[in-house]
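The basis for the numbers below is simple: all heavy atoms, side chains too, and nothing from hydrogens, waters or symmetry mates. Along the sequence shown, residues carry numbers from 1.
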Amino acid sequence: MPELTKGALSTGMFNSGTDPKGGVLLKAEVNSKLFGLPGVVSDQMRCSLGGVLLMSVVLRACLFLYGLVQDAHSEVKYTDIDYRVFTDAARYMSNRRSPYLRETYRYTPFLAFLMLPNVLWTEHFGKILFCCFDILTALVMYAHLRDVYRLGKSDSAQWVCLWLFNPLTLAISTRGSAESIMSFLLSTLLYFLAIDQIFLAGVVYAFSIIFKIYPIIYALPIYLFLQKSHERDHLFVRLFIPTFKSLTFAFPAAVILFRLVLLTYQLYGVQALNETYFYHLYRKDTKHNFSVFFYMFYLTDSLHPDWWIQEFVNYIPLMLQCLSVTAISFKFYNYLPFCFFLSTYAFVNLNKVCTSQYFVWYLTYLPLIAPHLSMSVYTAVSLAVIWIAGQLLWLFPAYLLEFRGINTFELIWAASLIFFLINNYILRTLVICFQSSFKQRELDAERREDNKVK
């Protein structure tokens, strides 16, 4: 594989897509696949970033207003229950008390700090803030597509639509979930790594771990990515002799992380560290959720086996997550957006607890990987349909259990198993599509090299 092509792939600098039949598509044709149009995107279909952002803001405003109506008149509330938890924690903080006095508040105290205007100004501030982070995330994605992938303005704006108009991201932020903050931080992290701003990337990475612990899974692929100057060296050198870039990333990340964790401990004690970080390691949720493991925890909790059996069962998902994330990291670290996507998808699919807001964790990377997938419109739509169908299949028995009091635990578990298999199928398909695109570009690069020689 020519070195130039490998370097371009490692940073995601693709300027063309690949047709499933083997033909190389121009940038405009990649976008035509997004909208299901034949040939090149017409001038009427071209869009500006400003127009896309305006439409997305209007749509979020409409959903925000709709949420107020549903909360007032429906038994099924639009606002996420966690939003109430955030607000209550901020209320404790406004009274100079610990936010962890609010039961089930298991987030960083800095989130409660951001939510103080909910108490001091209006209870809707948090939703507005999260929607703003949605827009900021889109701007970072646009910059990545323009500066790193070298796509045109219209093409970049169209790919950003996968984030701005995704029904799940629209619902999550307007319902009051804070996931958009993480999406902004991690999109910014990828952008800084791609443009070689390693120090700033380390700073952003520290803040992302402070807000939620799951970005720790990106430490290995980032390290391997920054060790690429040792790529031809012995495995021991690659793993244990850090490069200057690795140290440049690790130093600010470690210092900021240490200082903020220490500040958290000084302000709110061991409880803050336990609720924010350690709790997620030993957490065992027996309530129904998308996780394939929830019923196992439900049964082990009700049968009361020996403590060592309970502990072993509790750590089975964690062991599977570690194995899958490690394997993905070593395989795809050269292509960080795709590596982040696969690692997060596998992590969520194997997690002990899985709710719909967790899906945003991997959907964040969709606009950055979609331009590089050798996939037909039919395949893309089919994957989206079965993914949504899997959730709907789960939601029906969950509704019967939660709102009608009907015992549907076994049906929910069966639906969780089906959804788990669907997610594995989607992962497999995306890897095949990515590798197909990779091989086509490799062949194209070799042909160009041969033509130069001739």
Side-chain angles (χ1 to χ4, degrees), residues 1-17 27 30 49 133 136-153 155-160 162-163 182-209 215 217-231 242-253 328-345 361-373 430 434 437-438 441 445:
M1 180 177 183
E3 194 64 33
L4 176 62
T5 307
K6 189 171 184 180
L9 284 168
S10 68
T11 55
M13 289 185 177
F14 300 153
N15 287 328
S16 61
K27 287 184 290 184
V30 173
L49 178 64
F133 273 105
L136 290 173
T137 302
L139 291 174
V140 175
M141 292 176 178
Y142 180 82
H144 198 129
L145 293 165
R146 292 278 289 139
D147 300 340
V148 181
Y149 295 176
R150 307 298 184 188
L151 296 181
K153 293 181 180 179
D155 294 350
S156 299
Q158 290 177 34
W159 285 115
V160 167
L162 287 176
W163 170 259
M182 293 301 301
S183 297
F184 169 72
L185 290 172
L186 294 172
S187 297
T188 305
L189 168 65
L190 277 176
Y191 178 65
F192 282 150
L193 287 170
I195 63 174
D196 214 30
Q197 294 292 329
I198 308 302
F199 185 90
L200 293 177
V203 172
V204 173
Y205 186 59
F207 280 105
S208 67
I209 295 178
I217 67 175
Y218 306 136
L220 179 57
I222 291 174
Y223 179 74
L224 294 173
F225 178 78
L226 297 176
Q227 291 287 105
K228 283 193 298 182
S229 61
H230 287 336
E231 200 162 26
T243 62
F244 177 75
K245 283 188 175 182
S246 298
L247 295 174
T248 303
F249 179 88
F251 177 74
I328 291 169
S329 297
F330 276 98
K331 179 68 175 178
F332 294 103
Y333 70 87
N334 258 325
Y335 325 107
L336 279 183
F338 193 65
C339 186
F340 277 27
F341 175 85
L342 289 182
S343 298
T344 312
Y345 205 140
W361 294 3
Y362 54 82
L363 289 176
T364 298
Y365 309 113
L366 189 58
L368 300 180
I369 69 166
H372 308 151
L373 298 176
L430 292 176
F434 181 82
S437 180
F438 176 96
R441 288 187 175 86

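- Checked against ring pair (Phe, Tyr, Trp, His ring centres under 6.0 Å), F207 has no partners two or more places apart in sequence or in another chain.
- In this structure, Y149 contributes its side chain and L368 its backbone to a donor-acceptor pair below 3.5 Å.
- The CZ atom of F225 sits 11.0 Å away from the CZ atom of F249 when rounded to the nearest 0.5 Å.
- By the 4.5 Å heavy-atom criterion applied to side chains, W159 and M141 are not counted as neighbours.
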Given W163 and T137, is the side-chain contact (heavy atoms from CB on, under 4.5 Å) satisfied, shown in steps? CA-CA 9 Å; W163 170 259; T137 302; 3.8 Å; yes

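- By the side-chain hydrogen bond (donor to acceptor under 3.5 Å, both in side chains) test, S246 is found to be paired with Q227, T243, residues two or more places apart in sequence or in another chain being considered.
- Applying the ring pair (Phe, Tyr, Trp, His ring centres under 6.0 Å) criterion to F184, with sequence neighbours excluded, gives F133.
- Nearest heavy-atom pair across L336 and P221 is CD2-O, 3.8 Å.
- Considering Y218, W361, Y362 in turn, Y218 is the only one that fulfils the side chain to side chain donor-acceptor pair (under 3.5 Å) rule with T344.
- Atom CG of L226 is separated from atom CG of L247 by 10.0 Å, given to the nearest 0.5 angstrom.
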N/O donor to acceptor pairs below 3.5 angstrom from side-chain atoms of residues 189-202, sequence neighbours left out:
from: Y191; atom 1: OH; to: D147; atom 2: OD2; distance (Å): 2.6
from: D196; atom 1: OD1; to: K245; atom 2: NZ; distance (Å): 3.0

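- Using a 4.5 Å heavy-atom cutoff, the side chains of L151 and R146 are not in contact.
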The test is side-chain contact (heavy atoms from CB on, under 4.5 Å); show your working for S208 and M182 and say whether it passes. CA-CA 6 Å; S208 67; M182 293 301 301; 4.1 Å; yes

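- Y345 and F341 have perpendicular rings, their planes meeting at more than 60° on a 0 to 90° scale where under 30° would count as parallel.
- Proximity of Y205 to L185: side-chain heavy atoms (C-beta onward) are nowhere separated by under 4.5 Å.
- Qualifying ring pair (Phe, Tyr, Trp, His ring centres under 6.0 Å) partners for Y365, counting only residues two or more places apart in sequence or in other chains: F340.
- For the pair H372/F338, no side-chain contact is recorded, criterion being any heavy-atom separation below 4.5 Å from C-beta on.
- With sequence neighbours left out, the side-chain hydrogen bond (donor to acceptor under 3.5 Å, both in side chains) criterion links S183 to T364.
- Between atom CZ of residue R150 and atom CG of residue D155 there is a gap of 14.5 Å, rounded to the nearest 0.5 Å.
- Residues L49 and S156 are not in side-chain contact: their nearest non-hydrogen atoms beyond the backbone lie 4.5 Å or more apart.
- Here the straight-line distance linking atom NZ of K153 with atom CG of L145 works out to 14.5 Å at 0.5 Å rounding.
- Taking OH of Y335 as the start and OH of Y333 as the end, the distance is 8.5 Å to the nearest 0.5 Å.
- Distance check, rounded to the nearest 0.5 Å: OG of S343 to CD1 of I328 gives 4.5 Å.
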